[in-house]
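Residue numbers begin at 1 in each chain, while the letters A, B, ... track the order of the sequences.
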Amino acid sequence: MPADKSVLKAFFYERPVLTVARELIGKRLVRMVDGQRISGLIVEAEAYDGETDLACHARAGRTPRTETMYGPPGRAYVYFTYGMHWMLNCVCAHQGYPAAVLIRAILPLEGTAFISSRRPGRPAKDWCNGPAKLCQALEITGSLNGADLCLPDAELRIEEGLEVPDARVQRTPRIGIDLVPEPWRSQPWRFVVASPEKVFAKA
DNA sequence: TCTTCGATTGTCT
DNA sequence: GACAATCGAAGAA
């Protein structure tokens, strides 16, 4: 596959979070473990936008947990929830404004043997089709919170991938925020590729 | 295929 | 003390 291996730089993330969420679809999430390259194409992402967004962790303001979201764009915001799951986000917008994109699913491309060993007994289609699953599959934990995603040799980074036309990207309300009041609960801030295995058949 | 429910702990009120 | 940006097992249909 003739992939462009260029790493996304801070200016990519330093834009409105909805723009970044849309453009992250089709990009390549890369994780380096012991010199081994593990990667996949992003097929699902959600935007969380500022203190006024009541679904966003930053709704409560600046706390030790949300500190990363207020920092410079292009960093990883990794947090722990439900007593057992890690979630990966990319910090967006300008420094001081809390916004992030939750990476919800990827299509594994490289390092599938590693991923398989991290997801024993599960079919390939269930390896990375959820935010906690992909963190488990790529060994993403709180130790990566605040990590710079923009360095060419970063442990965790995002590179150019494949263009996905709008016709193949669906917009829906975000997942798992049922107790959040309107209008936030229904904002169509989730981007997901329809039938990713077909869209990326050549990848 | 679907719906329901338990796991398990950090964070904030 | 409540609840969480979830997952996967189990049971019903």
Notebook entry, point to check: First contact, last contact: which nucleotides of DNA chain C are these for chain A, 5' to 3', heavy-atom distance under 4.0 Å?
Noted result: C:dA4 to C:dA9
Note to self: Within the 4.5 Å heavy-atom criterion, are A:Val199 and A:Leu107 side-chain neighbours or not?
What the structure shows: no
Note to self: Less than 3.5 Å apart, any donor N or O on the side chain of A:Lys125 or A:Asn129 sitting next to an acceptor on the other?
What the structure shows: no
Checklist line | Check: A:Leu41 and A:Leu109 side chains under 4.5 Å, non-hydrogen atoms | finding: yes
Item checked: For the student: nearest non-hydrogen atoms of A:Val91 and A:Pro72, plus distance -> CG1-O, 3.6 Å
Note to self: Looking at A:Tyr48, I'd like to know if the NZ or CZ of A:Arg174 sits under 6.0 Å from its six-membered ring centre while staying within 45 degrees of the ring's axis.
What the structure shows: yes
Margin query: So does A:Gly61 get a backbone contact from the side chain of A:Thr66, meaning a donor-acceptor N/O pair under 3.5 Å?
Written below: yes
Note to self: Between A:Val169 and A:Phe191, is there a side-chain heavy-atom distance shorter than 4.5 Å?
What the structure shows: yes
Check: Hey, where does DNA chain B pair up into stems, meaning at least three consecutive Watson-Crick or G-U pairs with distances under 3.5 Å?
Finding: B:1-7 with C:6-12, B:9-12 with C:1-4
Item checked: Gap separating the CD1 atom of A:Ile106 from the CG atom of A:Leu138, nearest 0.5 angstrom -> 4.5 Å
Next item on the list: Could you check whether A:Ala55 gets within reach of a base, just the sugar-phosphate, or nothing at all, counting any heavy atom under 4.0 Å?
Entry: base
Next item on the list: Name every residue in residues 81-98 of chain A that has at least one heavy atom under 4.0 Å from any atom of DNA chain B, in order of residue number, or write none if there are no such residues.
Entry: A:Tyr82, A:Gly83, A:Met84
Notebook entry, point to check: About how many Å separate OG1 of A:Thr141 and CZ of A:Phe80, when rounded to the nearest 0.5 Å?
Noted result: 10.5 Å
Item checked: Touch class at under 4.0 angstrom, heavy-atom based, for A:Arg119 against every strand present -> sugar-phosphate
Check: So which of residues 61-70 of chain A are in contact with DNA chain B, with a heavy-atom cut-off of under 4.0 Å?
Finding: A:Thr63, A:Arg65
Next item on the list: Group every Ile, Leu, Val, Met, Phe, Trp and Tyr by side-chain heavy-atom contacts under 4.5 Å, then state whether A:Leu18 and A:Ile177 land in the same group.
Entry: yes
Next item on the list: Hey, which sits more toward the 5' end of DNA chain C by its nearest nucleotide, A:Ile175 or A:Asp126?
Entry: A:Ile175
Next item on the list: Determine, for A:Tyr77 and A:Arg75, whether the Lys NZ or Arg CZ falls below 6.0 Å from the six-membered ring centre while staying within 45 degrees of the axis.
Entry: no
Check: Taking all atoms of both residues into account, what is the closest heavy-atom pair of A:Arg15 and A:Val20, and its distance?
Finding: O-CG2, 3.8 Å
Note to self: Nearest 0.5 Å, please: how far is CD in A:Gln170 from CZ in A:Arg190?
What the structure shows: 8.0 Å
Item checked: A:Glu46 side chain to A:Ile175 backbone, donor-acceptor under 3.5 Å -> yes
Note to self: Going 5' to 3' along DNA chain B, between which two nucleotides do contacts with chain A fall, using a heavy-atom cut-off of 4.0 Å?
What the structure shows: B:dA7 to B:dT13
Item checked: salt bridge (Lys or Arg N to Asp or Glu O under 4.0 Å) evaluation trace for A:Lys27 with A:Glu159 -> CA-CA 6 Å; A:Lys27 296 292 190 290; A:Glu159 299 175 353; over 6 Å; no
Check: Heavy atoms under 4.0 Å, any strand shown: does A:Leu102 hit a base, just sugar-phosphate, or nothing?
Finding: base
Next item on the list: Name every residue in residues 129-145 of chain A that has at least one heavy atom under 4.0 Å from any atom of DNA chain C, in order of residue number, or write none if there are no such residues.
Entry: A:Gly130, A:Pro131, A:Ala132, A:Lys133
Check: Where does the angle between the aromatic ring planes of A:Tyr97 and A:His94 fall among parallel (under 30°), tilted (30 to 60°) and perpendicular (over 60°)?
Finding: tilted
Next item on the list: Provide the closest heavy-atom pair for A:Arg28 versus A:Glu110 in the form atom of the first, atom of the second, distance.
Entry: NH1-OE1, 2.7 Å
Note to self: Looking at A:Ser117 and A:Phe114, would you say the former's side chain and the latter's main chain have a donor-acceptor pair under 3.5 Å?
What the structure shows: yes
